[in-house]
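Contents: one structure, followed by commentary.
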Amino acid sequence: PIWLGNGLTGRGRTSGSRRPKADSGKWVDRGFGPCNPSCGRASGTWRNGTSIMSTDQILLFGILIVLFAMLVWGRVRYDLVAFVALLVTVMAGLIAPEDAFHGFGHPAVVIIALVLIVSRGLMNSGAVEFIARFVTRPDRALSTHIGIMAVVGAVLSAIINNVAALALLMSLDMDAARKAKRAVSLTLMPLSFGTILGGMITLIGTPPNIVIAQYRQDVLGEPYSMFD
């Protein structure tokens, strides 16, 4: 709530349960606890009815904007950009040094890393390509090919990471389109949708599922199971 008065006599419209004093032009908190000068750093400062961001908030938004710009630019490795951004937040005092690398030991990060290792092992072994070779015949009708590839992509995404499944099947689908002499754009998007839906079947299908499951365990004491 903000006070829209003139700041001198306290006249004007008010919103919520905070009311201005009669002639001081300052906020008086009724029901939300006292607001002392230190609250300006935590949640912004009231000045002429306008909320001003704190210095920490301005620094954090500035770092996020630069980080996003560097990721879009793409000339520097993504992991290096993210690590430098983390170091900058520590040096700026936005993150305590003892908490800077706490996220690397989070169970969700470890599980995602293990899923990526298993996915790479299946890709390098040739097992997935061996199975996919039987479902990418170029002489099939377009609708049949889309249906089969979407089902195969969904099944693989439920077992391995959905991004790895898409990367693997995408090259096979492009090969089949080239042999069938049809546009690749007709089949790639359905394949992408199939892998996205398949990643939602199991807990390990996509990284957000793992993150949400870990958060549920922290809050409620019980994570999601494999097929929840």
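- I146 CD1 to F193 CZ: the interatomic distance, rounded to the nearest 0.5 Å, is 11.5 Å.
- Listed for the N124 side chain is no donor-acceptor partner under 3.5 Å among the backbone atoms of G121.
- At least one side-chain heavy atom of L71 sits under 4.5 Å from a side-chain heavy atom of V81.
- Hydrophobic clustering places L60 together with V84 (ILVMFWY residues linked when any side-chain heavy atoms are closer than 4.5 Å, directly or through intermediates).
- From T206, atom OG1 reaches atom CD1 of I201 across 12.0 Å, with rounding to the nearest 0.5 Å.
- Scanning all heavy atoms of the two residues, the minimum distance from P207 to N162 falls at CD-OD1, 4.4 Å.
- The two atoms that bring L166 and S192 nearest to each other are CD1-CA, 4.0 Å, heavy atoms only.
- In the hydrophobic cluster analysis, where Ile, Leu, Val, Met, Phe, Trp and Tyr join through side-chain heavy atoms closer than 4.5 angstrom, V66 is grouped together with V88.
- Test V72, L64, I65 against F68 for side-chain contact (heavy atoms from CB on, under 4.5 Å) and you get one pass: V72.
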Step-by-step side-chain contact (heavy atoms from CB on, under 4.5 Å) determination, F227 to L203: CA-CA 6 Å; F227 296 99; L203 179 64; over 6 Å; no
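- Residue M226 places its CE atom among more than 12 non-hydrogen atoms of other residues, nucleotides or ligands, all under 6.0 Å distant.
- For T144 (side chain) and R140 (main-chain N/O), no donor-acceptor pair under 3.5 Å exists by modelled atom type.
- Considering CG of D139 and NE2 of H145, their distance stands at 11.0 Å, rounded to 0.5 Å.
- In this structure, Q57 contributes its side chain and S54 its backbone to a donor-acceptor pair below 3.5 Å.
- With contacts defined as side-chain heavy-atom distances shorter than 4.5 Å, the pair L86/T89 qualifies.
- A distance of 12.5 Å separates CG of D175 from CG of L169, quoted to the nearest 0.5 Å.
- Closest approach of G153 and A165 over heavy atoms only: O-CB, 4.5 Å.
- Looking only at side-chain heavy atoms (C-beta outward), L188 and D173 come within less than 4.5 Å of each other.
- Residues I63 and I95 are members of separate hydrophobic clusters, defined by side-chain heavy-atom contacts under 4.5 angstrom among Ile, Leu, Val, Met, Phe, Trp and Tyr.
- The CD1 atom of I212 lies 7.5 Å from the OH atom of Y224; values are rounded to the nearest 0.5 Å.
- Side-chain atoms of M149 and T187, non-hydrogen and from C-beta on, never get closer than 4.5 Å to each other.
- In terms of heavy atoms, P190 sits closest to A150 at O-CB, 4.3 Å.
- Linking Ile, Leu, Val, Met, Phe, Trp and Tyr whenever their side-chain heavy atoms come within less than 4.5 Å leaves V163 and V155 in two separate clusters.
- Counting heavy atoms from C-beta on, the side chains of E222 and Q217 never come closer than 4.5 Å.
- From L156, atom CG reaches atom OG1 of T195 across 10.0 Å, with rounding to the nearest 0.5 Å.
- Of all heavy-atom pairs between A100 and V90, the closest is CB-CG2, 3.5 Å.
- Remark: side-chain polar atoms of N209 are paired, donor with acceptor, to backbone N or O of T202 under 3.5 angstrom.
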